[in-house]
Amino acid sequence: MKIAITVDIEKDLGFMDSYYGLDEGLPFILDTFRRYDIKATFFVNGGAVDHLTDGGLLKEMTKGSHEIASHGYRHTDYRGWDYEKIKEEICISKKILEQKTGARVTGYRAPQFLLDPKIVEAVKECGFKHDSSLPDISGISAAKMRKVKVDQCLLDAIRLSGIREFPIDSIPVVKVPHGILWINFISFPLYRAIFHYTTKNFMIFYLHAFDLVKNKSRVKMNFKRKVFYQKNGNGIYDLFQKLIAFWISRGVKFVKLEDEI
């Protein structure tokens, strides 16, 4: 089996004016990847680029041969915008990342996984080759909670665009997203047991740099987020390493999305 580990890089929670995720979570993620020789795909939001550059972390990701992809310019919902404004926003995110890294940027993930046909068209026009925003129709997802319509119109737009879509996978049986906080929520022993039921030979796994911050209470969040983000907060580092060790024991090969097009 292949697993593509994808990491969303943004301000804390996408919109806060703090960077605990980049200052604490991201270095731990990069160190773990070095230790296990894992190459991953980092979806970088434009609002995080200057902070990453100043701290040397963008250079470190590039030197580590990881894929640098776009997570939009501003971390917001583009769906209600005029098409030309959407296109400008998405194209700028690509241009900035290519200028900062000197590498070709071919992948895109919509902020908050908020996708519609206009955004798909803009992603195509900006020259991206793959996207990883589409939620699993059959499962629970943050995108569906925010009323993303995964209807035939959206699916047709993706198909006609020619862009390779890498949908967000769900964990078998329980049908929650294949992400670290969801695994933490259902428990690692349950995930380990369920993993044997998957029939896929390729899966997407995602996390945010903020997920790997131990003391999340420094960031103001509502009650729902507190329950979800702070459950077993100080054990999240151990969970991440347990997950990787478990996958390795099952013969998983780690890949970047750009290599699977």
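One-based numbering along the sequence shown. On a predicted model such as this, the values are computed, not experimentally measured, just so you know.
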Item to complete: Apply salt bridge (charged side-chain N to carboxylate O under 4.0 Å, His left out) to the pair Asp82 and Lys85, showing each step before the final yes or no.
Response: CA-CA 5 Å; Asp82 174 79; Lys85 187 179 177 183; over 6 Å; no
Mind checking whether [X] and [Y] have side chains closer than 4.5 Å, heavy atoms only?
X	Y	result
Val7	Thr41	no
Thr106	Arg104	yes
Ile204	His178	no
Asp8	Val44	no
Val120	Leu154	yes
Lys100	Val105	no
Phe210	Val219	yes
Pro135	Val150	yes

Least distance between heavy atoms, [X] atom then [Y] atom:
X	Y	result
His66	Ala40	ND1-N, 3.0 Å
Gly72	Tyr108	N-CE1, 3.7 Å
Leu22	Pro27	O-CD, 3.2 Å
Met16	Lys220	CE-O, 3.9 Å
Ile90	Tyr78	CG1-CE1, 4.1 Å
Leu257	Ser132	CD1-CB, 4.0 Å

Taking atom [atom1] of [X] as the centre, does the number of heavy atoms from other residues, nucleotides or ligands within less than 6.0 Å exceed 12?
X	atom1	value
Lys118	NZ	yes
Tyr73	OH	no
Lys39	NZ	yes
Phe185	CZ	no

Just by distance, do the side chain of [X] and the backbone of [Y] share a donor-acceptor pair under 3.5 Å?
X	Y	value
Ser187	Ile183	no
Glu10	Ala48	no
Ser161	Ile163	yes
Lys216	Val213	yes
Ser133	Leu115	no
Glu165	Leu134	yes

Worksheet item: Using 30° and 60° as the class limits, which term best fits the ring planes of Tyr19 and His51: parallel, tilted or perpendicular?
Response: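 The rings of Tyr19 and His51 lie parallel, inter-plane angle below 30°.
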Measuring from [X]:[atom1] to [Y]:[atom2], what's the distance to the nearest 0.5 Å?
X	Y	atom1	atom2	answer
Thr53	Ile96	OG1	CD1	10.0 Å
Lys87	Cys126	NZ	SG	6.5 Å
Leu239	Leu212	CG	CG	9.0 Å
Ile5	Leu243	CD1	CG	8.5 Å
Ile171	Phe205	CD1	CZ	8.5 Å
Leu114	Ile119	CG	CD1	7.0 Å

Practice prompt. Kindly indicate, with the supporting measurements, whether the criterion side chain to side chain donor-acceptor pair (under 3.5 Å) is fulfilled by Asp12 and His208.
Written response: CA-CA 9 Å; Asp12 295 335; His208 299 77; over 6 Å; no
Discussion item. Is there a salt bridge (charged side-chain N to carboxylate O under 4.0 Å, His left out) between Glu98 and Lys94? Walk through the geometry before answering.
Written reply: CA-CA 6 Å; Glu98 290 181 334; Lys94 185 177 192 292; 2.9 Å; yes
Discussion item. What verdict does the side chain to side chain contact (heavy atoms under 4.5 Å, CB included) test give for Phe166 and Asp131, after you've listed the backbone C-alpha separation in whole Å, the side-chain angles of each residue and the deciding distance to 0.1 Å?
Written reply: CA-CA 6 Å; Phe166 292 101; Asp131 175 82; over 6 Å; no
Practice prompt. Tell me whether the centres of the aromatic rings in Tyr36 and Phe254 are closer together than 6.0 Å.
Written response: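 Between Tyr36 and Phe254, the centre distance exceeds or equals 6.0 Å.
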Item to complete: Would you please indicate yes or no on a ring centroid separation below 6.0 angstrom for Phe33 and Phe28?
Response: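 Here the rings of Phe33 and Phe28 have centres that are no less than 6.0 Å from each other.
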Worksheet entry | Sequence neighbours excluded - side-chain hydrogen bond (donor to acceptor under 3.5 Å, both in side chains) pairs with any residue from residues 243-261 |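 For residues 243-261: Lys2-Glu260, Tyr191-Trp247, Lys256-Glu258.
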In the single-linkage hydrophobic clustering (I, L, V, M, F, W, Y; side-chain heavy atoms under 4.5 Å), do [X] and [Y] co-cluster?
X	Y	result
Ile186	Ile244	yes
Val173	Phe188	yes
Trp81	Tyr83	no

Worksheet entry | From CA spacing to verdict: side chain to side chain contact (heavy atoms under 4.5 Å, CB included), Phe42, Glu67 | CA-CA 6 Å; Phe42 288 87; Glu67 177 184 4; over 6 Å; no
Fill in: Basic-acidic side-chain contact under 4.0 Å: Glu60, Arg34
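Salt bridge between Glu60 and Arg34, a charged N being under 4.0 Å from a carboxylate O: yes.
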Discussion item. Run Ile9 and Phe43 through side chain to side chain contact (heavy atoms under 4.5 Å, CB included) and show every step you take.
Written reply: CA-CA 6 Å; Ile9 303 296; Phe43 288 99; over 6 Å; no
Discussion item. Tell me every residue that passes side chain to side chain donor-acceptor pair (under 3.5 Å) with Asn45, counting only those two or more places apart in sequence or in another chain.
Written reply: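 In terms of side chain to side chain donor-acceptor pair (under 3.5 Å), with neighbours along the sequence ignored, Asn45 is linked to no residue.
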Fill in: side chain to side chain donor-acceptor pair (under 3.5 Å) against Arg218, all qualifying residues, sequence neighbours excluded
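Arg218 satisfies side chain to side chain donor-acceptor pair (under 3.5 Å) with Glu24 only.
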Discussion item. Show, in sequence, the C-alpha distance, side-chain angles and deciding distance for Phe15 and His75, and conclude whether the ring-ring contact (aromatic ring centres under 6.0 Å, His included) test is met.
Written reply: CA-CA 7 Å; Phe15 59 88; His75 198 276; 8.0 Å; no
Fill in: salt bridge (charged side-chain N to carboxylate O under 4.0 Å, His left out) assessment of Arg35 paired with Asp31
CA-CA 6 Å; Arg35 198 175 326 132; Asp31 181 64; 2.8 Å; yes
Fill in: Residue pair Thr6, Arg109: steps toward the side chain to side chain donor-acceptor pair (under 3.5 Å) verdict
CA-CA 10 Å; Thr6 65; Arg109 173 172 284 164; 3.1 Å; yes
Discussion item. Pair Asp211, Asn184 - check side chain to side chain contact (heavy atoms under 4.5 Å, CB included), show working.
Written reply: CA-CA 10 Å; Asp211 298 345; Asn184 187 43; over 6 Å; no
